[in-house]
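One structure below.
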Amino acid sequence: LHADDSSAAPNVSDADKERAKALFTAGVERMRAEDFAGAAQSFEAALAIAPYAVIRYNLGLAYERLDRPVDAVAAMEEVLRNPGTLRPERLERAKQSLAEQQARIGRLRVAAEPAGAQISVDGRALGQAPLQTRLKAGVHYVEIAAANHAPFRQAVSLSAGGEASISAVLTPTQAQGAQLWVRSALAGADVWLDGERIGKTTR
């Protein structure tokens with residue numbers, strides 16, 4: 001962190017600047033050690049304290065190395081919107097990263113009845129229908145659920161730079177729903193229920 005970075009976040013106290021600097025330094029060291037998950041955690045914690053462009057820039061690079069293109073794109077888009085005092089060569093690297101990672105994601109649109117149905121992708125809750133979101137290219141498992149309705153599940157293949165749409169009308173039911181939680185130390189493993197693939201384990 002540089003002294004003139006304070007112009008990007010004038011309301012950050014001196015004590016918080018020191019805390020953010022320590023977390024940022026730890027993140028840089030973890031990046032050098034190729035502990036990209038640990039680096040991302042350090043940068044995320046630093047960014048929550050002091051929203052400096054240089055922290056978000058490094059966080060975007062960590063997401064890139066973690067194969068999280070959607071998060072990398074979001075980080076670099078914000079960096080380029082609010083570059084603060086970021087050096088020109090870093091801005092160019094941010095533009096490069098943004099272009100590369102954008103080419104690895106697609107867009108998914110989900111519509112459902114009843115309106116407000118809950119949407120999960122790969123076991124992660126994303127919000128209510130109708131929904132539009134960006135996802136890494138590949139196969140994803142979408143679940144749409146609403147009270148007093150049978151859930152809808154569908155796999156969707158999303159191409160890089162492409163778009164996919166799902167539209168579902170949930171069937172009313174008197175059956176009582178229940179939740180099944182699957183926890184695993186292994187992220188990305190397929191989860192099957194009654195012979196049907198219903199999603200993947202998450203981090």
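Only a predicted model underlies this, so the values are computations on that prediction, with no experimental measurement involved.
- Taken to the nearest 0.5 Å, the CD1 atom of Ile105 stands 13.5 Å off from the CZ atom of Arg68.
- Note that CZ of Arg134 is 9.5 Å distant from CG of Asp71, once rounded to the nearest 0.5 Å.
- Here CG of Leu47 is found 4.5 Å from CZ of Arg56. Values are rounded to the nearest 0.5 Å.
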Determine whether Lys95 and Glu92 satisfy the following criterion, salt bridge (Lys or Arg N to Asp or Glu O under 4.0 Å), listing intermediate values before the conclusion.
CA-CA 5 Å; Lys95 292 176 183 178; Glu92 286 303 312; 3.5 Å; yes

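- Using modelled atom types, one side-chain atom of Arg30 and one backbone atom of Gly38 make a donor-acceptor pair closer than 3.5 Å.
- Scanning both residues, His140 and Leu158, for their nearest heavy atoms gives CD2-CB, 4.5 Å.
- Rounding to the nearest 0.5 Å places CZ of Arg153 at 10.0 Å from OG of Ser120.
- Put simply, Val156 and Tyr141 are part of two different groups of oily side chains (I, L, V, M, F, W, Y) that touch within less than 4.5 Å, one to the next.
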Show your reasoning for whether salt bridge (Lys or Arg N to Asp or Glu O under 4.0 Å) applies to Glu29 and Arg32.
CA-CA 5 Å; Glu29 291 174 351; Arg32 289 172 178 162; over 6 Å; no

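- Nearest heavy atoms, Tyr57 versus Val79: N-CG2, 3.6 Å.
- Closest approach of Ala20 and Ala46 over heavy atoms only: O-CB, 3.7 Å.
- Pairing each heavy atom of Pro151 with each of Glu143, the nearest pair is CB-OE2, 3.8 Å.
- Thr133 OG1 to Arg109 CZ: the interatomic distance, rounded to the nearest 0.5 Å, is 11.0 Å.
- By the criterion of side-chain heavy atoms lying less than 4.5 angstrom apart, applied directly or through intervening Ile, Leu, Val, Met, Phe, Trp or Tyr residues, Leu91 is grouped together with Ile55 in one hydrophobic cluster.
- Side chain of Ser97 to backbone of Arg93: no donor-acceptor contact under 3.5 angstrom is found.
- Phe24 and Ile49 sit in two unconnected hydrophobic clusters of ILVMFWY residues. Membership requires side-chain heavy atoms under 4.5 Å apart, directly or through other members.
- Taking CD1 from Ile144 and CD from Gln118, the interatomic distance works out to 11.0 Å, rounded to the nearest 0.5 Å.
- Each of Gln101, Gln102, Glu100 was evaluated against Arg104; a single residue qualifies, Gln101, per the side chain to side chain donor-acceptor pair (under 3.5 Å) test.
- Met31 and Leu23 fall into different hydrophobic clusters, where Ile, Leu, Val, Met, Phe, Trp and Tyr are joined by side-chain heavy atoms under 4.5 Å apart, directly or via other members.
- Looking only at distances, no side-chain donor or acceptor of Asn148 sits under 3.5 Å from a matching main-chain atom of Thr173.
- With hydrophobic clusters built from ILVMFWY side chains whose heavy atoms lie under 4.5 angstrom apart, Ile119 does not share a cluster with Val139.
- Taking 4.5 Å as the limit, every side-chain heavy atom of Tyr52 sits out of range of all side-chain heavy atoms of Leu86.
- Scanning all heavy atoms of the two residues, the minimum distance from Lys17 to Val12 falls at CE-O, 3.3 Å.
- Within the 4.5 Å cutoff, no side-chain heavy atoms of Val28 are placed close to those of Ser42.
- The residues Lys21 and Glu18 are annotated as not salt-bridged, no charged nitrogen and carboxylate oxygen being separated by less than 4.0 angstrom.
- Here the shortest heavy-atom pairing between Leu98 and Met76 reads CB-CB, 4.1 Å.
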